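Take a look at the structure below.
First listed ligand is number 1; within each ligand, the first listed atom is number 1. All values reported here derive from a predicted model rather than from experimental measurement.
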Amino acid sequence: MSPSDHTIEALFDEARTFAPPDSVRANAIVSSEAIYDEAADFEAFWAKQAESLVWREPYDQVLDWSKAPFARWFVGGRLNVTESCLDQHLAERGDRVAYYWEGEPGDRKVITYRELYAEVCKLANALAEVGVEKGDRIAIYMGMVPELPVALLACARLGAPHSVVFGGFSADALADRINDAQAKVLITCDGAWRAGQVVPLKQMADEALEQTTSISSVLVVRRTENEVDMKPGRDIWYHEIVSRQPGGRPATECDSEDLLYLLYTSGTTAKPKGIVHTCAGYLTAVTATMRMVFDLHEAQDIFWCTADVGWVTGHSYVVYGPLANGATSVLYEGAPQYPDKDRFWDIVERYKVTVLYTAPTSIRTFMKWGDEYPGRHDLSSLRILGTVGEPINPEAWMWYRDVIGGGVTPVVDTWWQTETGAHIIAPLPGVTTTKPGSATFPLPGIAADVVDDEGRSVPLGQGGYLVLTRPWPSMLRGIYGDDNRFIETYWRRFSRPEEGKWVYFAGDGAKRDHDGYYWLLGRVDDVMNVSGHRISTLEVESALVDHPAVAEAAVIGRNDATTGQAIAAFVTLRGTREGDQALITELRDHVANKIGKIARPVSIVFTEELPKTRSGKIMRRLLRDISEERHLGDITTLANSAVVEEIAERARVQRKSAAPADA
Ligand code: PRX
């Protein structure tokens, strides 16, 4: 597949530009583009950024790249990241609010840095009581309650890497991740509130634990008060064990390169991979990008990143980045339409949010709901608007700036990945002239390029593969337990090790326009992006063929006006089972059970055969063309071209009766 397959020409409108408003430029932390030149010595640049961390022992070397692509940053340094996120703030700003938390039903909590510190220490003590030691992996499967950031930090306090599993994932998905990491303890909730309903997290955790043997203790936060089974000897109520702990706990000293966390993400195979992040480099980059990209003035701004902590955006910009800067954040538990479609704007108005960070899929949903909802609220506190997760179409970008940002607020479109740990391509709001739909330029200290199939840099104005040509501090250090896959996935394609040239391939297509602006074009591999969530076609296919009625399945992401991409499946059946509506529902539920609701196909088309090349490869591109109603062109190379018309016809019928994307 080539990046041009994904080129959405409608994305480009190179002519429209927006310079930073004076109100932002005048007080911006970064106010001059000289910073790009200053960062030409990237090691010196990142070393300067690392000065804001609390170190126990200084490091001897900024970067050791001698074992590339396995990087070591701030070699020999000793620290505990929670001393940067908590302890350092206590003396002078212990009473500053760390989180304004708001539950979906409307309950609220204000948590100061001092309170957060005490709670983290208590939970760290509780984890130690159940036998957690430095290096043990802890799985976290929770809703967006205050105990969630506390859980991450308590693990970090002990030097015990966390592995957060998004609460929307299924029991099977949780079990796979626990098994891969061999996690020792699980922290979960009785349930989570979502759109007025209880998501039964504990029940799903129980199902997961039937498929795992490594977990010895489960801590359960009481939130929704739904009935749960507590297994004696294994399950412990969070409030019971935590309330009897002292509110102090010395931080465990870690090496710069000790594991901070694992976060599983979908790749091009059916098995999600555990992305490895370590302590010092990760914290350096998330702390620095908070200031560069969000222009975060920690004493004045109210920052709200709407992402769930189950994703990397939540790790970096709900937990570590804001706290390391001593910032005040909003944390919201639930759905944006609950109790009404103005919930976000109500929160922005009430807490006077100044910097808002959300996803294009949400913005498009808000657009669809109409201007009436933001119109009910005073949003004038907003001064910077961020977006992340997928390419943002210029129309949504303009709506965000105009309707939410009052026509003046800069939009920072941030391109990055679970693997990059922190922003990579993004504007500097006090410096960069933006273009709607473009993430603009690689950040200071970052070196990127757009290359062709042979790895040659393409001229401005052309598209190709997005690559990063220099290491950066928050880069993934590997895939947990699979060095080979790490090299094959990210480094093999464009690196030339014999010349000492290591090039990171992100899996995205990009184009640079004539002014050098980067325009992201979406994934060029078999990874779909549904509402900003990464889902592998193979993962969904293997969930489908796991159902006894399914013989073969092909899955593609087709363009969708709201969710970016929507999952479309094509299935052949075995045996005598009829491909009817009841089976469609059953298969969608089956995928939800295997992976999670986010992976449910929007449409399933039954067919006698899948279109294949003569060598037996499924023609996904053709299926995408069918799904997006494009002209099919030459199909004579197919082994079974006759089936194509039939599939196209069935897809047309299906589309008319398709389930809504978010159902
Ligand atoms: O395809 C890109 C898309 O999301 C992918 C990374 O997904 P994930 O690891 O789940 O992290 C999402 C949040 C950082 C990328 O490979 N992506 C992310 N941000 C953007 C984007 N595509 C275009 N523009 C963005 N701003």
Do [X] and [Y] have ring centres separated by under 6.0 Å?
X: F494; Y: F505; result: yes
X: F366; Y: W369; result: yes
X: H162; Y: H315; result: yes

Compute the shortest N/O to N/O distance between [X] and ligand 1 and return yes if it is under 3.5 Å, no if not.
X: V312; value: no
X: T265; value: no
X: T387; value: no

Close-contact set for ligand 1 against W416 heavy atoms, below 4.0 Å
6 (C), 14 (C), 15 (C), 18 (C), 19 (N)
Heavy atom of the protein closest to atom 3 (C) of ligand 1 (residue, atom name, distance)
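The closest one turns out to be G389 O, 3.3 Å.
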Closest protein heavy atom (residue, atom, distance) for atom 13 (C) of ligand 1
T313 OG1, 3.4 Å
Any idea how H533 and W311 line up, ring-wise: parallel (<30°), tilted (30 to 60°), or perpendicular (>60°)?
parallel
Specify whether Y504 and W491 have parallel, tilted or perpendicular ring planes, treating 30° as the upper limit for parallel and 60° as the lower limit for perpendicular.
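Correct class here is perpendicular.
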Taking ring-ring contact (aromatic ring centres under 6.0 Å, His included) as the criterion, tell me which of Y317, F441, W472 meets it with H423.
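It is Y317; the other options fail the test.
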Determine whether any heavy atom of A439 lies closer than 4.0 Å to an atom of ligand 1.
no
P391 near ligand 1, heavy-atom distance under 4.0 Å?
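It does, in that a heavy atom of P391 comes within the 4.0 Å cut-off of ligand 1.
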Surrounding CD of E33 (heavy atoms of other residues, nucleotides or ligands, distance under 6.0 Å), is the total greater than 12?
no
For ligand 1, which part of T418 has a heavy atom less than 4.0 Å away: the side chain, the backbone, both, or neither?
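Under 4.0 Å from ligand 1, T418 contributes backbone and side-chain atoms.
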Below a 4.0 angstrom heavy-atom separation, can you tell me which part of N529, side chain or backbone, both or neither, approaches ligand 1?
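Just the side chain.
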With a 3.5 Å distance limit and no angle check, can you tell me whether T387 reaches the backbone of D413 through a side-chain donor-acceptor pair?
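Flag not set: sc T387 to bb D413 has no pair under 3.5 Å.
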Out of [options], whose heavy atom is nearest to [atom]?
atom: atom 15 (C) of ligand 1; options: L520, I275, D508; answer: D508
atom: atom 22 (N) of ligand 1; options: E390, H533, E419; answer: E390
atom: atom 26 (N) of ligand 1; options: T414, I392, V388; answer: T414

Could you go through Y261 and Y282, starting from their C-alpha distance and side-chain angles, then the distance that decides it, and tell me whether this counts as ring-ring contact (aromatic ring centres under 6.0 Å, His included)?
CA-CA 10 Å; Y261 69 79; Y282 173 78; 5.1 Å; yes
